[in-house]
Structures are given as C-alpha cells and as structure tokens.
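Naming: A, B, ... by sequence-line order, numbering from 1 per chain.
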2 protein chains.
Amino acid sequence: MSGALKDAAIRVERPAKTLRELALDKVREAIVNGYFRPGDRLVERDLCAQLGVSRTVVREVLRHLESEGLVANLPNKGPIVALLDIEEAKQIYEIRGALEGMAARLCAERGSPEIVAALEESLTAIRNSYRDQDMAAVLAHTSSFYQTLFTRVDRHVAWGVVNLLTVRINHLRSMTIKTEGRGTEGPLQMSKIIDAIRRGDGEGAQRAAMDHVAAASAIAEAVLSAQKPAE
Amino acid sequence: MSGALKDAAIRVERPAKTLRELALDKVREAIVNGYFRPGDRLVERDLCAQLGVSRTVVREVLRHLESEGLVANLPNKGPIVALLDIEEAKQIYEIRGALEGMAARLCAERGSPEIVAALEESLTAIRNSYRDQDMAAVLAHTSSFYQTLFTRVDRHVAWGVVNLLTVRINHLRSMTIKTEGRGTEGPLQMSKIIDAIRRGDGEGAQRAAMDHVAAASAIAEAVLSAQKPAE
DNA sequence: CTAAAGTATTTGGTAGGCCATAATACGATT
DNA sequence: AATCGTATTATGGCCTACCAAATACTTTAG
C-alpha cells in the first residue's frame with residue numbers, strides 16, 4: 001500500500017458501474033436487509049418494473065445471486081429468496097472458523113506490529129459502535145477486522161470465500177450481535193485473537209478465532225431454532 | 001442414508017435441464033479442458049453461433065462463469081477466459097488444505113467403517129486408473145474420494161466451496177497428477193489419510209490431508225513457474 | 001509519413017414477442 | 001354435490017431485432 005498512487009492520483013474515478021452491477025447491488029441489499037424475505041418469489045417482470053431495467057438485466061442479476069446462494073430457483077416455478085436452513089448456517093460458520101483460524105495463525109506467524117495496530121483500531125471502533133448502539137457500524141467494523149486478518153497476509157481468495165458465505169447468513173449476524181452480552185463478549189474474544197497474534201502464538205490465534213466463530217454459531221443456532229417454530 | 005427412498009423410488013426422473021444449464025456445462029467444460037485457453041476472448045455472438053443458442057442464454061452463462069471465477073470481464077472489452085496466476089493457485093490449494101483437513105478430521109472422529117470402506121474403494125480405483133494411464137479417471141476418482149470425505153459427514157457446503165475453487169485450477173490438477181512419481185506418491189498420501197481415519201486419529205487425518213494438498217500445491221507451483229516464462 | 005476521419009466490431013442495454021408449463025377458475029357431466 | 005375437463009392467466013425460458021457507446025482498425029488527406 002506504499003506507492004500505488006503514481007498515476008491513480010489524477011485518474012477520473014468514473015462510476016464504471018454497469019447497470020447490471022447497480023441492479024445486482026440493489027437486489028442483494030434488498031434481500032440482505034429483509035426487504036425481500038426468505039421464500040418470497042422474485043418475479044422477473046415485477047423486478048423489471050421496480051428496478052426500472054430490462055428483463056435481460058434482471059435475469060442476469062438473478063443468475064448471479066443464484067450462484068451466490070442468495071436466490072434459489074425452483075424448476076418450473078422460478079426464483080425465490082433462498083431460505084436459510086439451520087444446518088447450512090452451522091456449516092457456514094464452521095467454514096468461517098477454519099478459514100479465519102488459518103488467517104489468524106498466519107498473522108501471528110508473520111508477527112507484524114502493523115497488523116496488530118490495524119486490528120486494534122477495528123476493535124476499538126466496534127466497542128464504540130456497541131456503546132452507541134449502532135449495530136450497522138458494528139457489522140461494518142467487524143467485517144473490516146476480518147478483512148484485515150485476511151488481506152494483511154494476502155489471502156484475498158479466502159477473504160472472497162468468506163464474504164461469499166457471509167452474505168447468506170447476514171441477517172443472522174445482525175441478530176447475533178444484538179444478543180444479550182454480545183457487546184462485551186464478542187470484543188473480548190476478538191481481543192484474545194489480537195493478544196495471541198501480538199505474542200506470535202499461531203496456535204493460540206487460530207484457536208481464539210475459531211472460538212469466536214463457534215460462539216457466534218451457537219448464538220445463531222439458538223436464535224434460528226427459537227424463531228423457526230414461531231413462524 | 002437409511003430411509004430416503006420412500007417416495008423417491010418411483011419419482012419420474014425427467015432431465016429438466018434447461019438450455020441454459022446445458023450451455024453452461026458445455027462452455028465450462030470447454031474452458032476446463034482447454035478448448036478455450038486462458039486469455040482467449042469469449043465473443044458473445046461467436047458463442048451464440050457455436051452453441052446454437054441466443055445471446056440471452058450466452059450472456060447468462062458468461063455471468064455465471066464469471067461468478068465462478070472461470071471468466072473475467074474486462075470493462076468495455078468483454079469477457080475472456082480467466083488467467084490463473086500462481087499466487088491465486090497457491091491460495092486455492094491452501095484453502096482446500098484447510099477444508100479437506102477439517103473434513104478428514106471429522107471423518108476420523110466419527111469413526112464409521114463405511115467411510116473407510118468408501119475411501120478405500122476410491123483409492124483402489126485411483127491406483128487402477130494410474131496403472132492404466134487413464135488420467136481422466138484418476139481425476140474423477142480423486143474427486144469422489146474427496147466427495148466422500150465431505151459428504152459422509154454432511155459437509156455439503158464445504159464440498160461446494162471446494163468444487164467451486166477446484167474448477168479454477170483444473171488444468172493444474174491434470175498436470176500435477178502426471179508428474180513423475182505422482183502415481184505412487186499421491187495414493188500413498190491418501191492411504192495415510194485413510195489409516196488415520198481408521199484408527200480414529202482426527203489430528204493425524206487432518207495433518208495427512210493437509211500434507212497431501214501441500215504436496216500437490218508444490219508440484220503445481222513448480223509446473224506453473226516452469227511454464228510461465230516459456231510462453 | 002503522420003494525423004485525422006471514418007468504419008467495423010463488440011459489448012451493454014432495451015423492447016417486445018412466442019411458446020410451454022403450472023396453477024387457477026369455471027363450467028359441464030354424472 | 002363431487003368430479004372431471006377445459007379455458008384463462010401468470011410466468012419463466014428463449015428468441016429476434018434494435019440502438020448507443022467504446023474500442024480497434026482503415027483509409028484518406030495534408
């Protein structure tokens with residue numbers, strides 16, 4: 001991140017976003033924050049009207065979301081918002097545990113103080129956001145905490161995988177962080193990760209990261225199984 | 001896998017494959033086995049002609065492959081077959097190591113003889129295919145070896161992730177298995193995984209699985225860096 | 001011989017239409 | 001009244017045709 005602004009400095013930052021990408025983001029966001037609920041049908045022509053784009057674009061967007069796992073396609077019935085089953089959620093958490101554990105270990109083994117500093121910055125932001133009850137900010141800073149973990153040791157592919165999986169459980173995440181006591185417990189677990197990284201304890205960092213995810217998973221499971229019978 | 005054929009027994013198994021899916025498979029296969037080479041442009045209208053389908057379908061297929069990482073989209077220039085850079089390949093192998101290690105550990109901890117039997121069956125098939133110099137069969141049976149590892153402990157999501165990543169390095173795989181001595185070394189490493197699982201040694205199974213992937217990764221790296229300067 | 005102007009090529013996106021299938025409503029028949 | 005066909009509708013899958021903008025390639029004029 002040193003000399004990357006040589007000719008990027010004056011570069012006109014054009015939106016460059018193709019209409020398709022804009023639509024994709026819109027629909028994904030609509031799903032993630034519950035405007036479309038799991039199980040809702042996504043009727044192509046309706047989406048065209050709502051988004052103001054053509055069917056071609058809508059269809060491409062739906063295909064993309066399908067491969068992200070946010071949308072499921074029922075044969076001869078069309079696309080719906082994917083329903084999240086508890087088994088799948090647990091598996092996603094498990095995978096995140098494996099990958100985040102790996103990244104944490106690598107960070108510890110690298111032993112760079114900058115990583116520790118960056119992580120602590122995110123953690124502070126998380127604590128502040130909890131204090132302010134700003135849950136959206138908690139999520140954002142938690143993401144950047146993990147992003148640091150992955151990208152500071154150049155594991156962009158793994159970070160991509162984690163992101164891909166995370167969108168599928170996003171509404172779960174927003175529920176887990178609101179859970180009783182999560183405001184102190186979560187940051188505490190994260191600080192353990194940082195501690196282990198600081199003292200170069202790869203094993204410990206890995207374990208701490210996995211513990212943190214496991215805790216989130218347990219809460220998510222409780223939340224999910226509590227709400228399933230209700231509906 | 002006990003009583004799942006209650007009403008599935010008579011279910012009419014219609015192909016149901018939509019044209020889009022057929023085209024998707026065709027193009028993916030064409031990329032994977034080198035009919036389209038990395039860097040080749042994928043001109044929509046040409047593909048339409050070659051596949052005998054409309055642009056609508058082709059575009060959706062290209063989007064899908066893009067999100068699989070097999071196709072890259074240059075802005076205002078169009079899609080090309082993604083080039084595989086060595087750094088990315090290493091990361092993919094690393095992730096596979098983490099996930100396959102996890103699955104192997106779970107298999108060991110479950111301690112079911114059926115898993116061991118299934119794995120051994122795949123391994124025998126692999127050995128036979130090596131003996132017959134049938135490399136396509138080696139790849140197929142290797143896949144089913146890992147599929148067993150994941151699906152017998154119900155880790156379908158992780159298996160999906162591994163598959164997603166694997167297509168991106170598929171041509172590497174076909175090169176690594178042809179490497180000198182891989183015909184005895186690879187199966188040997190796999191038999192170590194099985195041994196550890198058989199004696200319920202989770203830790204050992206995990207390590208053995210990770211070793212196996214690490215060996216493949218090392219070979220792939222050698223192959224890649226040997227061929228890059230050549231072109 | 002170079003620079004400018006024109007010409008393909010190709011993607012991004014739109015519009016609209018056709019057909020097959022599934023579900024629903026509706027009417028007829030026993 | 002219950003059942004059985006039969007329209008109707010909604011919708012996805014797929015197609016053709018078109019336009020605008022950007023890129024790449026030629027040709028022409030100075």
Side-chain angles (χ1 to χ4, degrees), chain A residues 7 10-28 30-31 36-83, chain B residues 7 10-28 30-31 36-83:
Chain A
D7 42 6
I10 55 145
R11 182 172 213 106
V12 46
E13 195 64 51
R14 69 162 166 175
K17 285 269 195 179
T18 142
L19 189 55
R20 200 178 59 237
E21 293 173 280
L22 294 175
L24 176 62
D25 291 344
K26 276 258 185 278
V27 178
R28 189 193 292 116
I31 293 177
F36 294 126
R37 310 273 289 277
D40 280 3
R41 292 191 64 182
L42 298 170
V43 177
E44 290 182 5
R45 284 159 171 103
D46 292 357
L47 283 177
C48 291
Q50 292 182 54
L51 295 168
V53 298
S54 76
R55 246 181 106 196
T56 313
V57 171
V58 167
R59 291 182 56 121
E60 288 175 350
V61 166
L62 289 175
R63 296 283 114 50
H64 196 114
L65 292 172
E66 193 184 343
S67 68
E68 277 183 18
L70 272 183
V71 164
N73 232 324
L74 309 184
N76 292 325
K77 272 194 81 176
I80 63 170
V81 178
L83 335 120
Chain B
D7 40 6
I10 56 148
R11 179 163 219 108
V12 45
E13 193 67 52
R14 75 163 160 176
K17 283 267 193 182
T18 139
L19 190 55
R20 200 180 61 235
E21 292 173 282
L22 294 176
L24 176 62
D25 290 344
K26 276 258 186 277
V27 178
R28 189 195 289 116
I31 293 177
F36 294 126
R37 310 274 288 279
D40 280 3
R41 292 191 63 185
L42 298 170
V43 178
E44 288 183 6
R45 271 146 176 122
D46 292 357
L47 283 177
C48 291
Q50 292 182 54
L51 295 169
V53 299
S54 77
R55 252 184 99 202
T56 314
V57 170
V58 168
R59 289 180 59 149
E60 289 174 26
V61 166
L62 288 175
R63 298 299 157 249
H64 195 118
L65 292 173
E66 195 184 339
S67 68
E68 277 184 17
L70 272 182
V71 164
N73 233 323
L74 310 184
N76 292 324
K77 271 194 79 176
I80 63 172
V81 178
L83 330 124

- Mind running a 4.0 Å heavy-atom check of residues 55-65 of chain A against DNA chain C and sending the residues that fall below it, in number order? R55(A), T56(A), V57(A)
Minimum-distance nucleotide to [X] side chain [options: [options]]:
| X | options | answer |
| --- | --- | --- |
| L19(B) | dT14(C), dG12(D), dC14(D) | dC14(D) |
| N73(B) | dG12(C), dC15(D), dG13(D) | dG12(C) |
| T18(B) | dG12(D), dT21(C), dC14(D) | dC14(D) |
| R45(A) | dG12(C), dG12(D), dT10(C) | dG12(D) |
| S54(A) | dC14(D), dG13(C), dG12(D) | dG13(C) |

I'd like to check the side-chain hydrogen bond (donor to acceptor under 3.5 Å, both in side chains) partners of [X]; sequence neighbours left out, ordered by chain and number.
| X | value |
| --- | --- |
| D40(A) | none |
| R59(A) | E60(B) |
| D46(B) | none |

Between [N] atom [atom2] and [X] atom [atom1], what is the distance in whole Å?
| X | N | atom1 | atom2 | value |
| --- | --- | --- | --- | --- |
| L24(B) | dG13(D) | CG | P | 14 Å |
| L47(B) | dC15(D) | CG | C1' | 17 Å |
| K17(B) | dA20(C) | NZ | C1' | 20 Å |
| N76(A) | dA23(C) | CG | P | 8 Å |

- Item | Phosphate OP1/OP2 of dA10(D) contacted by K77(A) side-chain N/O (<4.0 Å) | no
- Result for 5'-nearest mapping on DNA chain D, choosing between D46(A) and G52(B), is D46(A)
- Item | Residue pair F36(A), L47(A): steps toward the side chain to side chain contact (heavy atoms under 4.5 Å, CB included) verdict | CA-CA 11 Å; F36(A) 294 126; L47(A) 283 177; 3.8 Å; yes
Distance-only donor-acceptor hits, side chain of residues 49-57 of chain B, under 3.5 Å, sequence neighbours excluded:
{"residue": "S54(B)", "atom": "OG", "partner": "T56(B)", "partner atom": "N", "Å": "3.4"}
{"residue": "R55(B)", "atom": "NE", "partner": "E44(B)", "partner atom": "OE1", "Å": "2.7"}
{"residue": "R55(B)", "atom": "NH2", "partner": "E44(B)", "partner atom": "OE1", "Å": "3.0"}

- Message: Listing request: all salt bridge (charged side-chain N to carboxylate O under 4.0 Å, His left out) pairs with a residue in residues 67-76 of chain A, at least two apart in sequence or in separate chains.
- Response: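 Qualifying pairs, neighbours excluded: R28(A)-E68(A).
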